[in-house]
Amino acid sequence: MPAKPLSSSNRLPAAAVHANAPVGIFDSGLGGLSVLRAVRAQLPDEAILYAADSLYAPYGERDDDFIADRTLAIGEWLVQQGAKALVVACNTATAQSIALVRERLPIPLVGVEPGIKPAALQSKTRVAGVLATQVTLRSARFQGLLERYAADCRFLCQPGHGLVQAVERCDTGSAEVRALLHGYLQPMLDAGADTLVLGCTHYPFLDETIRDIVGDRLMLIDTSLAIARQLERVLDQHGMRVPAESGASVAPRFFSTGDGSHQQKLAASLLHIDATVEQVTIPSRRTSTPDSRAA
Ligand code: DGL
């Protein structure tokens, strides 16, 4: 089904903004927790609402309209929960739908994209690998990044089939994951790459296993800290930073369209956050069909 035509009447009305309101962070699943980790480090006083669409992950296996439909529905839901700004902590959702969501939501947005620019700046061999979802790699937005920054650097683009599913089940280092990663990374090493762009927010959770395989032959480019800094700039521009005197940081609130058990486990083991995950239903046009759960 084609996306609904846009009109200004589709836009949610602007709400009065309070600096004390939380920042919304959204991902198809658990990958955005790597961005949440950086946001908490950079902006420890900001309250955070984290929404994972785990019932419908991975997005990288979905069609473009489905991804736009879910991204918009979750963005609108976070606005209704009182979010003052939204981080779309998913390369795939950003690549497919950031323009649509920006047009429809009344709050500032920060998206994420693979670190092609820093990789092109830092690679000495001028060969760099990119691991991202198939949807991200074939998107016009990603192709535009390559055109802009990759003139004198060769990028070897590899879809990370199976990796998002592994992180979603909290598997960051099994023999199966190791074999998948080995198959993706060895050809990059053979081609002389010295840099690897982690072009999906799930992949930073695989960094130890990647390190085991490649040692220090590849410099890993993870943009989560840059995203947190961009959020800081955006909040400053809009006068939305929580007042410093508002006290100690509050624990993030976690929501999931799935059962949340893996989110709880990953938050505890990798982020040392003891979280309760609230299960929520976020309806959207495409998920009202009976087969919408199947990837
Ligand atoms: N974390 C998402 C990203 O950065 C994963 C996409 C998916 O669900 O396939 O692209």
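Both ligands and their constituent atoms are indexed starting at 1 by order of listing.
A salt bridge links Arg241 and Glu232; the closest N-O separation between the charged side-chain nitrogens and carboxylate oxygens is under 4.0 Å.
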Listing, residues 66-74 side-chain donor-acceptor contacts under 3.5 Å, not counting sequence neighbours, or none:
{"from": "Asp69", "atom 1": "OD1", "to": "Arg285", "atom 2": "N", "distance (Å)": "3.3"}
{"from": "Asp69", "atom 1": "OD2", "to": "Ser284", "atom 2": "OG", "distance (Å)": "2.7"}
{"from": "Asp69", "atom 1": "OD2", "to": "Arg286", "atom 2": "N", "distance (Å)": "2.8"}
{"from": "Arg70", "atom 1": "NE", "to": "Asp53", "atom 2": "OD2", "distance (Å)": "2.9"}
{"from": "Arg70", "atom 1": "NH1", "to": "Ile282", "atom 2": "O", "distance (Å)": "2.7"}
{"from": "Arg70", "atom 1": "NH1", "to": "Ser284", "atom 2": "OG", "distance (Å)": "2.9"}
{"from": "Arg70", "atom 1": "NH1", "to": "Thr287", "atom 2": "OG1", "distance (Å)": "3.3"}
{"from": "Arg70", "atom 1": "NH2", "to": "Asp53", "atom 2": "OD1", "distance (Å)": "3.0"}
{"from": "Arg70", "atom 1": "NH2", "to": "Ile282", "atom 2": "O", "distance (Å)": "3.1"}
{"from": "Thr71", "atom 1": "OG1", "to": "Ile67", "atom 2": "O", "distance (Å)": "2.7"}
{"from": "Thr71", "atom 1": "OG1", "to": "Ser97", "atom 2": "OG", "distance (Å)": "3.4"}

For residues 149-156, which side-chain N or O atoms pair as donor and acceptor with protein atoms under 3.5 Å away, sequence neighbours left out?
{"from": "Asp152", "atom 1": "OD1", "to": "Arg126", "atom 2": "NH2", "distance (Å)": "3.0"}
{"from": "Asp152", "atom 1": "OD2", "to": "Arg126", "atom 2": "NH2", "distance (Å)": "3.4"}

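Rounding to the nearest 0.5 Å gives a distance of 5.0 Å between CG of Asp27 and NE2 of His202.
Using a 3.5 Å distance cut-off with no hydrogens or angles, the side chains of Asp171 and Ser174 do pair a donor with an acceptor.
Listed by chain and number, the residues in a side chain to side chain contact (heavy atoms under 4.5 Å, CB included) with Ser261 are Asp259 (sequence neighbours excluded).
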Please tabulate protein-ligand N/O pairs under 3.5 Å for ligand 1, atom names and distances to 0.1 Å.
{"from": "ligand 1", "atom 1": "1 (N)", "to": "Asp27", "atom 2": "OD1", "distance (Å)": "3.0"}
{"from": "ligand 1", "atom 1": "1 (N)", "to": "Asp27", "atom 2": "OD2", "distance (Å)": "3.3"}
{"from": "ligand 1", "atom 1": "1 (N)", "to": "Thr201", "atom 2": "OG1", "distance (Å)": "2.7"}
{"from": "ligand 1", "atom 1": "1 (N)", "to": "His202", "atom 2": "ND1", "distance (Å)": "2.8"}
{"from": "ligand 1", "atom 1": "4 (O)", "to": "Asn91", "atom 2": "N", "distance (Å)": "2.8"}
{"from": "ligand 1", "atom 1": "4 (O)", "to": "Asn91", "atom 2": "ND2", "distance (Å)": "3.1"}
{"from": "ligand 1", "atom 1": "4 (O)", "to": "Thr201", "atom 2": "N", "distance (Å)": "2.9"}
{"from": "ligand 1", "atom 1": "4 (O)", "to": "Thr201", "atom 2": "OG1", "distance (Å)": "3.3"}
{"from": "ligand 1", "atom 1": "8 (O)", "to": "Ser28", "atom 2": "OG", "distance (Å)": "2.6"}
{"from": "ligand 1", "atom 1": "8 (O)", "to": "Tyr59", "atom 2": "N", "distance (Å)": "2.7"}
{"from": "ligand 1", "atom 1": "9 (O)", "to": "Tyr59", "atom 2": "N", "distance (Å)": "3.3"}
{"from": "ligand 1", "atom 1": "9 (O)", "to": "Gly60", "atom 2": "N", "distance (Å)": "2.7"}
{"from": "ligand 1", "atom 1": "10 (O)", "to": "Asn91", "atom 2": "N", "distance (Å)": "3.4"}
{"from": "ligand 1", "atom 1": "10 (O)", "to": "Thr92", "atom 2": "N", "distance (Å)": "3.1"}
{"from": "ligand 1", "atom 1": "10 (O)", "to": "Thr92", "atom 2": "OG1", "distance (Å)": "2.6"}

